[in-house]
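Here's the structure, in structure tokens; my notes come after.
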Amino acid sequence: MIETVLETEGLTKYYGSTLAVDHLDLKIPQGCICGFVGRNGAGKTTAIKLMLGLLRPTAGSSRLLGCDSQQLKPAIRQRIGYVTEGHRLFRWMSIAELEKFQRSFFPKQWDDKFFADMIEYFNLPRRRKIKHLSNGERAQVSLALALAPNPELLIMDDPTLGLDAAIRRQFLEGMIELIMRQGRTVLFSSHILGDVERVSDRIVVIDKGVLRANCSLEEFRAAVKKVILSFADSTPAEVDIDGLLHCRRSEKELELILVSTTDDHIGKWADRTGAERYHIVKMNLEDQFIEFTAPPGRKKLFRWEEI
Amino acid sequence: MRFLALLRKELRECLPWMLLVAIAFFAVGGFLLRAEAYYGGYRHYSRLSPGTVVDHYQLTYYQTLNLTGPWLFCLSIGLGLVLGVRHFWIPHFTRTWPFLLHRSVSRKSILAAKLTAGTIAFVISLGTVWVALYWYASRPEVFAIPPTVRVFIEGWIFIMLGLVAYLGTALSGLSTANWYTTKIFGLVLATVIIVTTLSQWTLAGIFTSIAVSVAILLSQIFDTFLRREF
């Protein structure tokens, strides 16, 4: 039986009058690698902090490993790894001191060899203080600290933010180390869709605090489509196709962003509206995400006119 | 083991300030005592020539340990403010609260470790130096009249006032309110208590006001820390 390791119900958070997370209903099954994506200010960090009990929800609730986030017992926290946004660690500590500090909280779980291997793999000097490490090195230490206790659930808040491509690759390979351990679940927020595509098997999209998608990566890839239809005379005045997200038009062309619309349905609609021809444009995940979360009218100033 | 790890970490963060204050107090206190013991030696009974009229008031007045009092008071309040900022304000600026709070210990333990480290810092940096200075001043043939026990207790009162300043700074640091509202409550309360205590004459009054203020501040700190968002 697949267990749900992370669950939120109507999770809502207001900062004053600003709505940061809006009725988030989310279920993450055990053993999946979940990319938690959203634009800047979408509410990813707030949602993660709510899940970890660092913030209090205005409404709703969340559960981690079956325990209410607001009542997370030390024994439950021990089973959850957390990589904070920006890899904020104690700057005055050396890597060795930080290892000793972290190990004290996982007396039975801590894997000395794994930590040593990761530090060696990342080529980090143990005696160097955190304040003397680069962003990338801090991220690597942060990941090693989170993985060495062998957590059942690993939550990472934008772990690859500000890292160059090479370090990001190393970081993700380190993450794959955990993924290879059976039954482990990872939730990581990111702006970099390439990273999500590389390691995730599930994607959660949040936009302005609202959950927009929670499905497998394949489902998301198959669901979001861009279709360009050409017309001999003029484009139809009304676009009434199912799953329409955005529609931009020029004189003789329509560009449609569709969600969960079958190719068959697109074909029939094209015939019905008298389109001369149509083609489905292949998009990468980043383009799909941008289109999926784009505010209406974004391209109005350029070639297309939003309707 | 977990609490000890937290305590070690908090003490390590205090260490530079503890050392600085201990060295400063030892240097100033030691200098004042040695200077008075050397130059004020004529006031010792054993060194008076026969027939000298002894001014007992003057002998009492020049209990030299008293001279270190203002220094002890200032250093203690300063240490309280600095440690309060180090323990409760800096993690906010360095954004290390989430990392610290996601430990497999309760929030109470995290807070208790900080407060215990703060208290230990006062005892080690100021308490031990104060005991050493008192011990030196009480030795025979150093001063005509050794410092009284009350002087010793007053020193500890100054140290406790530093602890009140520490708790006040901690409360203000933890508060998420605006400066012009309740955020300043901790510092204001600490200031009021310090001023009130200095104007008390009886030890009972002093200890009562300190005990009440510490109880208020501790209850507020625990309440704020356990409920606060990070």
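Just so it is clear: chains get the letters A, B, ... in the order the sequence lines come, proteins before strands, and each one is counted from 1.
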**Study point:** A:Glu9 atom CD, over 12 foreign heavy atoms within 6.0 Å
**Key:** no

Exercise for review: Using a cut-off of 6.0 Å, state whether more than 12 heavy atoms not belonging to A:Arg126 lie near its atom CZ.
Suggested key: yes

Study note, to complete from the structure: One should read off an interatomic distance between A:Phe101 CZ and B:Leu100 CG, to the nearest 0.5 angstrom, of 6.0 Å

Revision key, fill the gap. Within residues 9-22 of chain B, the residues sitting under 4.5 Å from chain A by heavy atom, in sequence order, are B:Lys9, B:Arg12, B:Glu13

Point to revise | Contact listing (chain A partner; residues 91-99 of chain B; heavy atom under 4.5 Å) | key: B:Thr94, B:Arg95, B:Thr96, B:Pro98, B:Phe99

Check your understanding: If you count the non-hydrogen atoms of other residues, nucleotides and ligands that lie under 6.0 Å from CZ in B:Arg150, is the total more than 12?
Key -> yes

Revision key, fill the gap. The reported gap from CZ in B:Arg2 to CZ in A:Phe106 (rounded to nearest 0.5 angstrom) is 8.5 Å

Review point. Do the side chains of A:Arg79 and B:Ser104 get nearer than 4.5 Å, heavy atoms only?
Key: no

Revision key, fill the gap. If one checks every heavy atom of A:Leu54 against chain B at 4.5 Å, the contacting part turns out to be both

Review point. Would one find more than 12 heavy atoms of other residues, nucleotides or ligands at under 6.0 Å from atom CZ of B:Phe207?
Key: yes

Check your understanding: A:Ile80 versus chain B, heavy atoms under 4.5 Å apart: side chain, backbone, both or neither?
Key -> both

Check your understanding: Is atom CH2 of B:Trp71 surrounded by more than 12 heavy atoms (other residues, nucleotides or ligands) closer than 6.0 Å?
Key -> no

**Study point:** Between NZ on residue A:Lys49 and CD on residue B:Glu229, distance to nearest 0.5 Å
**Key:** 9.5 Å

**Study point:** A:Ser104 side chain to B:Met1 backbone, donor-acceptor under 3.5 Å
**Key:** no

Study note, to complete from the structure: Comparing A:Thr84, A:Leu145, A:Val83, A:Leu55 against chain B, the one with the most heavy-atom pairs below 4.5 Å turns out to be A:Leu55

Revision key, fill the gap. Turns out that what part of A:Leu72 lies under 4.5 Å from chain B's heavy atoms comes down to neither

Check your understanding: Is the count of non-hydrogen atoms from other residues, nucleotides or ligands lying under 6.0 Å from A:Tyr121 atom OH greater than 12?
Key -> yes

**Study point:** Option that, when pairs with chain A are counted at under 4.5 Å, heavy atom only, ranks first among B:Arg103, B:Arg8, B:Arg227, B:Arg107
**Key:** B:Arg103

